[in-house]
Amino acid sequence: MSKYHFNKMLQSLSKTSELEKVKAFLATKEDKLPKELLENSSFNYELIATNSNDELDFEIFNISGNSAKADFSPTFYKDKLLFSSDRPDGSKNIYGPSGEAYINIYESKMDLQGNVKDPKPFKGISDSKFHRATPYYSEELNNIFYVLSNSDGENLQFSDNGKNALSIGMTTAQGSFKFILRDPDTSFYYPFYEASTGRLFFAADFGDGYGGTDIYFVYTNDGVIMSSPTNLGPRINTPGMKLPLLFLRTVCIFLRIYFMALGEWISINLPSIQIIPLVYPSILDQV
């Protein structure tokens, strides 16, 4: 059985039985399961047992800048907010697989109540007819990391296998652009730069990880890659999908569908990790 189908089986078991029964089932398979999965389950038991969210006090409200389309991956940019959206604005063609416009990056002003109004396409990076998405602004570098379609400007570029992948690029305050991570057959997602260590985190599926997209990091020097990718390991990565969704200056919050079949938000302010219960999955489609 593949890791993916094993994870789906555990999800089904968790929905029809109590967590203790899931743990008992796993205990009977300890001699057959990979050590990475056992480490992941043990680590998650510890997090669930010790994590307390009593101090969390927040209100979720819909901002006026949202649209009827997908609005996601917000990040702070100076006194504004950047986010990704596939709302049609006339500047993008229709992306065939989704039937929606190519994703673009928008900027909005924020009022004192935290509301976001009057989004406009972001002009701080080079224009593109194709995908531009999931930006992250590094205040220390004064650079913006983001994801974009592989293209030569006018046309999409495809690998020998017929795939058009997503790359991670970086634009400086002076307007110069360069690719940071680019491969014809591998898509890179959700860049997050940790200034204190010079590490650039991202999601990718290299085919040899723990399942689906995993989260990796590379060491950089002013944004220039200085090492090969390092997988964050079985305590973070799982057979399920890992999707960074929100960047709060020094904290990356991501959604993890993990080994024990529970969806959860994870807040990483390395080296600490905190679980935030996944109460409102519908907010995945909005900023």
Side-chain angles (χ1 to χ4, degrees), residues 65-78 80-109 116 118-138 141-193 200-205 213 218 220 222-225 243-247 285-287:
N66 279 321
S67 71
K69 302 299 183 178
D71 306 308
F72 58 99
S73 193
T75 186
F76 292 114
Y77 172 64
K78 300 179 180 179
K80 298 180 181 180
L81 187 78
L82 301 181
F83 65 93
S84 306
S85 177
D86 65 359
R87 63 184 70 189
D89 62 7
S91 66
K92 300 280 188 179
N93 292 327
I94 298 300
Y95 177 55
S98 70
E100 307 290 349
Y102 279 96
I103 299 171
N104 204 359
I105 296 174
Y106 288 78
E107 65 174 332
S108 295
K109 294 181 179 180
V116 173
D118 302 322
K120 296 179 175 59
F122 182 50
K123 301 298 185 182
I125 56 179
S126 57
D127 196 14
S128 172
K129 298 190 302 182
F130 309 111
H131 288 313
R132 303 187 308 172
T134 62
Y136 178 74
Y137 171 64
S138 168
L141 295 179
N142 200 18
N143 294 342
I144 298 174
F145 299 89
Y146 64 101
V147 164
L148 69 162
S149 300
N150 279 337
S151 73
D152 60 8
E154 292 298 319
N155 301 291
L156 292 173
Q157 295 178 317
F158 295 86
S159 70
D160 293 339
N161 296 317
K163 180 176 181 178
N164 175 250
L166 297 172
S167 298
I168 292 178
M170 182 183 74
T171 294
T172 68
Q174 293 73 38
S176 64
F177 168 83
K178 60 183 172 183
F179 285 104
I180 301 299
L181 290 165
R182 191 182 194 191
D183 184 276
D185 283 305
T186 302
S187 285
F188 302 93
Y189 310 95
Y190 297 96
F192 172 75
Y193 180 74
L200 179 69
F201 294 83
F202 61 92
D205 182 0
T213 54
V218 289
T220 69
D222 290 332
V224 178
I225 303 299
L243 298 173
L245 291 165
L246 180 61
F247 306 119
D285 295 327
Q286 298 293 336
V287 172

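Computation of the quantities below employed the complete heavy-atom set of this structure, encompassing side-chain atoms and omitting hydrogens, waters and symmetry-equivalent molecules.
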key: Residue pair Thr134 / Tyr136, side-chain heavy-atom distance below 4.5 Å   = no

request  = Using only heavy-atom distances, determine whether the side chains of Thr213 and Asp205 contain a donor-acceptor pair under 3.5 Å.
outcome  = no

ask   = With a cut-off of 6.0 Å (strictly less than), are more than 12 heavy atoms of other residues, nucleotides or ligands near CG of Asp160?
value = no

ask   = Going by heavy atoms in the side chains, are Leu81 and Thr75 under 4.5 Å from each other?
value = no

task = For residues Asp71 and Ser84, determine if any side-chain heavy atom of one lies less than 4.5 Å from a side-chain heavy atom of the other.
result = no

request  = Nearest 0.5 Å please: distance from the CG atom of Asn155 over to the OG atom of Ser149.
outcome  = 12.5 Å

Donor-acceptor contacts under 3.5 Å from residues 101-108 side chains, at least two apart:
| residue | atom | partner | partner atom | Å |
| --- | --- | --- | --- | --- |
| Asn104 | OD1 | Arg132 | NE | 3.0 |
| Asn104 | OD1 | Arg132 | NH2 | 2.7 |
| Tyr106 | OH | Arg87 | O | 3.4 |
| Tyr106 | OH | Asp89 | OD2 | 2.9 |
| Glu107 | OE1 | Lys80 | NZ | 3.3 |

ask   = Is there a side-chain contact between Phe122 and Tyr77 (heavy atoms, below 4.5 Å)?
value = yes

ask   = Distance-only, no hydrogens or angles: does the Ser187 side chain make a donor-acceptor pair with backbone N or O of Leu166 under 3.5 Å?
value = yes

inquiry  = Do Asn143 and Ser138 pair up side chain to side chain, a donor and an acceptor below 3.5 Å, judged on atom types alone?
reply    = no

key: Min side-chain heavy-atom separation Tyr137-Lys78 under 4.5 Å   = yes

inquiry  = If you apply the rule side-chain contact (heavy atoms from CB on, under 4.5 Å), what do you find for Thr220 with Tyr193, and how did you get there?
reply    = CA-CA 9 Å; Thr220 69; Tyr193 180 74; 3.3 Å; yes

task = Taking Asn150 for its side chain and Asn164 for its backbone only, find out whether a donor-acceptor pair lies under 3.5 Å.
result = no

ask   = Can you list the steps and then say if Leu181 with Phe202 is a side-chain contact (heavy atoms from CB on, under 4.5 Å)?
value = CA-CA 10 Å; Leu181 290 165; Phe202 61 92; 3.6 Å; yes

query = Between Phe83 and Phe72, which heavy-atom pair has the shortest distance, and what is it?
reply = CB-O, 3.7 Å

query = Do Thr172 and Asn142 touch side chain to side chain, with heavy atoms closer than 4.5 Å?
reply = no

inquiry  = Keeping Ser67 on the side-chain end and Lys69 on the backbone end, is there a donor-acceptor pair under 3.5 Å?
reply    = yes

query = Is there a side-chain contact between Lys178 and Val224, using heavy atoms and a 4.5 Å cut-off?
reply = yes

Modelled atom types, side-chain donor and acceptor of Asp185 and Asn161, under 3.5 Å = yes

query = What distance do Ser167 atom OG and Tyr189 atom OH have between them, rounded to the nearest 0.5 Å?
reply = 11.0 Å

Nearest-0.5 Å distance that lies between atom CG in Leu148 and atom CZ in Phe130 = 11.0 Å

remark   = Heavy-atom closest pair (Leu200 atom, Pro191 atom, distance to 0.1 Å) is CD1-CB, 4.2 Å

key: salt bridge (Lys or Arg N to Asp or Glu O under 4.0 Å) involving Lys163 - partner list, sequence neighbours excluded   = none

request  = Find out whether Met170 and Ile168 are in side-chain contact, i.e. whether some heavy atom of one side chain is under 4.5 Å from a heavy atom of the other.
outcome  = no

task = Can you see which heavy atom on Val147 is nearest to which on Phe188, and at what distance?
result = CG2-O, 3.4 Å

note = Taking every heavy atom of Tyr146 against every heavy atom of Pro135, the minimum-distance pair comes out as CB-CA, 3.9 Å

